There are 2 protein chains.
Amino acid sequence: MYICRVNLTYYCFKVKTVTKNVLKNSLKRIFLYRACLYRLKMMGVEKVFSYTLAEEAGVTPDQVRKDFSEFNIRGNKRGGYVLSDLLEKMEALFYRNKEHNIILMGMGNLGLALSKYSRFVQRNMNVVAAFDIDPYKQKARYDIPVYGMDRLKEIIHRFKVKVAIIAVPEISAQQVCDELVRNGIKGIINFAPVLLKVPEDVVINNINLCDELESVIYYVHNQIRNEGLKNIELLYGDMK
Amino acid sequence: MYICRVNLTYYCFKVKTVTKNVLKNSLKRIFLYRACLYRLKMMGVEKVFSYTLAEEAGVTPDQVRKDFSEFNIRGNKRGGYVLSDLLEKMEALFYRNKEHNIILMGMGNLGLALSKYSRFVQRNMNVVAAFDIDPYKQKARYDIPVYGMDRLKEIIHRFKVKVAIIAVPEISAQQVCDELVRNGIKGIINFAPVLLKVPEDVVINNINLCDELESVIYYVHNQIRNEGLKNIELLYGDMK
DNA sequence: TTTTAGATGTGAATATTATCACATAAATGG
DNA sequence: CCATTTATGTGATAATATTCACATCTAAAA
């Protein structure tokens with residue numbers, strides 16, 4: 001437990017050392033829990049227990065409590081968790097209270113769709129500008145301004161942008177990525193179907209739509225279910 | 001090792017029992033390896049070793065070999081792997097040789113973008129039709145035909161569709177999902193930010209764009225890097 | 001107010017996953 | 001053609017993640 005003072009106010013900190021993977025896995029489930037909690041909230045639920053949430057999320061109650069423990073999210077002994085409290089703590093985890101400015105690279109089909117995705121705004125994530133090399137797109141009217149790459153540096157600095165979305169064609173993705181990194185971007189969501197090379201201090205989250213679809217096809221074809229049996233038999237065929 | 005005969009040809013099968021999670025994790029990495037291999041192929045590489053691929057994918061050589069072993073993908077002792085062979089085997093894994101008909105639910109911003117996503121076609125995944133309740137969209141001209149829900153059953157049967165993409169608003173996602181399941185759909189990619197409830201034999205792959213973005217923001221803000229240090233310190237602040 | 005029941009939070013135990021290490025096989029060179 | 005080198009493939013081992021179990025605390029009941 002550490003105590004420090006900022007502007008006449010004392011803050012009390014707890015320091016916890018965890019391995020990065022523990023955090024990653026827990027974090028993924030925190031997203032899951034949050035989705036469940038919003039659903040339960042809609043249904044009028046005000047208080048949840050670890051087993052309520054576990055049931056909804058398809059995990060064990062222990063896992064829920066352990067995950068909460070990981071992020072220092074605490075409930076009431078015997079009293080479970082107050083749903084609104086839980087959600088508040090989770091939103092705080094994701095810096096929801098602060099505003100985040102994001103830029104969008106590429107105004108093709110996907111970029112256009114993302115630029116209109118209103119949910120980002122609902123969650124304090126503002127797509128402040130898009131960039132595209134097509135001069136026509138720079139002139140056309142969209143929900144957000146579209147610039148050429150020449151104004152990238154200026155916009156990133158003005159809006160203190162740290163995170164970018166890459167929705168450009170595969171062929172130019174790495175080049176765009178390098179340019180972003182050069183201008184101080186620290187986090188990237190990449191929709192281009194390539195693995196981008198970035199320095200160690202830049203976080204990349206790849207979303208490959210084809211891969212996602214193919215993995216579903218694989219599961220369907222091999223009849224691998226989400227629930228039920230734990231072990232499966234694989235057949236490897238070879239013509240003789 | 002099992003041997004069976006089909007149409008005068010003998011097939012030799014190897015049966016392997018694995019836990020579902022091992023398969024899931026390995027499969028995810030197989031996608032990763034495949035992406036790396038395509039990059040290496042573009043660079044003119046023809047032969048790879050487990051350590052070449054490991055380096056590219058950011059895993060250990062042992063992991064690569066173990067994963068290959070899981071899916072019975074075999075190389076040449078001392079000779080590494082012939083790149084084109086590897087890719088062929090991987091594509092076969094994903095039933096790339098067969099055609100897959102897919103339907104798209106919802107022709108909003110995201111649905112429209114997905115309907116134009118040409119890469120699906122390149123990988124033998126055909127979006128044969130879209131569905132939207134908006135009569136205007138049913139009349140308008142798109143790259144693929146857009147129908148009302150009344151024709152869902154007919155199309156699914158005609159094209160033997162097993163996999164669907166849900167890109168409808170959150171509010172109607174569960175309803176659409178139920179309708180799909182009722183008509184025999186066994187795999188779903190869901191872009192609506194809700195957790196869909198499905199029977200055990202239906203596979204769901206949720207892609208939540210906000211969550212993905214938020215997780216990047218979380219990593220950036222907490223300076224959690226992808227590489228480097230294995231342990232991190234978390235600070236949990238409370239005002240005193 | 002005291003007791004009781006019931007849920008949390010977390011160290012300990014178990015299960016799972018990744019790494020190690022080496023037997024094995026193939027290409028190369030003498 | 002044999003020795004040697006080198007990369008694969010996979011059991012054995014180490015590391016990691018999940019589940020168990022229980023001490024702890026609190027809300028409700030008596």
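Note that the coordinates shown come from a computational prediction; the quantities given were computed from them, not determined experimentally. Residue numbers start from 1 in every chain, and the chains themselves are labelled A, B, ... in the order their sequence lines are given, proteins ahead of strands.
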task: Using whole Å, report how far CG of B:Asp67 lies from P of D:dT10.
output: 13 Å

- prompt: Testing A:Phe68, A:Tyr51, A:Phe49, A:Tyr33 for ring-ring contact (aromatic ring centres under 6.0 Å, His included) with A:Tyr81, which one passes?
  reply: A:Phe68

field: Atom-pair distance (CD on A:Gln63; C1' on C:dG9), nearest Å
entry: 14 Å

field: Phosphate OP1/OP2 of D:dG9: any B:Ser69 side-chain N/O under 4.0 Å
entry: no

- request: Starting from P on C:dA18, measure out to NZ on A:Lys24 and report it in whole angstrom.
  value: 13 Å

message: Generate the contact string for nucleotides 20-30 of chain D. Rules: B means base contact, S means sugar-phosphate contact only, - means no protein heavy atom under 4.0 Å.
response: BB--BBBBS--

Nearest-Å distance for atom pair CZ/P, residues A:Phe68 and C:dA7: 16 Å

query: Which part of the nucleic acid does B:Val22 contact within heavy-atom distance under 4.0 Å: base, sugar-phosphate only, or nothing?
result: sugar-phosphate

message: Tell me the interatomic distance from B:Phe71, atom CZ, to D:dG9, atom P, rounded to whole angstroms.
response: 15 Å

message: Please tell me if B:Arg74 has a side-chain N or O lying less than 4.0 Å from either OP1 or OP2 of D:dT10.
response: yes

query: Taking the side chain of B:Ser50 as heavy atoms from C-beta outward, which of C:dT10, D:dT8, C:dT17 is closest to it?
result: D:dT8

task: Indicate, with a heavy-atom threshold strictly under 4.0 Å, whether B:Tyr81 touches base, sugar-phosphate, or nothing.
output: sugar-phosphate

- prompt: Given atom CD of B:Glu70 and atom P of D:dT8, what is their separation to the nearest angstrom?
  reply: 17 Å

- request: Remember a base hit wins even if backbone is also touched, and classify B:Tyr51 as base, sugar-phosphate or nothing at under 4.0 Å, heavy atoms.
  value: sugar-phosphate

- request: Rounded to the nearest angstrom, tell me the gap between atom CG in A:Asn25 and atom P in D:dT19.
  value: 12 Å

task: Taking atom NZ of A:Lys41 as the centre, report whether more than 12 heavy atoms of other residues, nucleotides or ligands fall under 6.0 Å from it.
output: no

message: Going by the rule side-chain hydrogen bond (donor to acceptor under 3.5 Å, both in side chains), which residues pair with A:Thr52 if we only count those two or more places apart in sequence or in a different chain?
response: none

task: Calculate, to the nearest 0.5 Å, the distance between atoms CD and SG belonging to B:Glu55 and B:Cys36 respectively.
output: 10.5 Å

query: Got more than 12 heavy atoms from elsewhere within 6.0 Å of NZ, B:Lys28?
result: no

task: Determine whether more than 12 heavy atoms belonging to other residues, nucleotides or ligands lie under 6.0 Å from atom CD of B:Gln175.
output: no

Gap separating the CE atom of B:Met125 from the CG atom of A:Leu209, nearest 0.5 angstrom: 9.5 Å

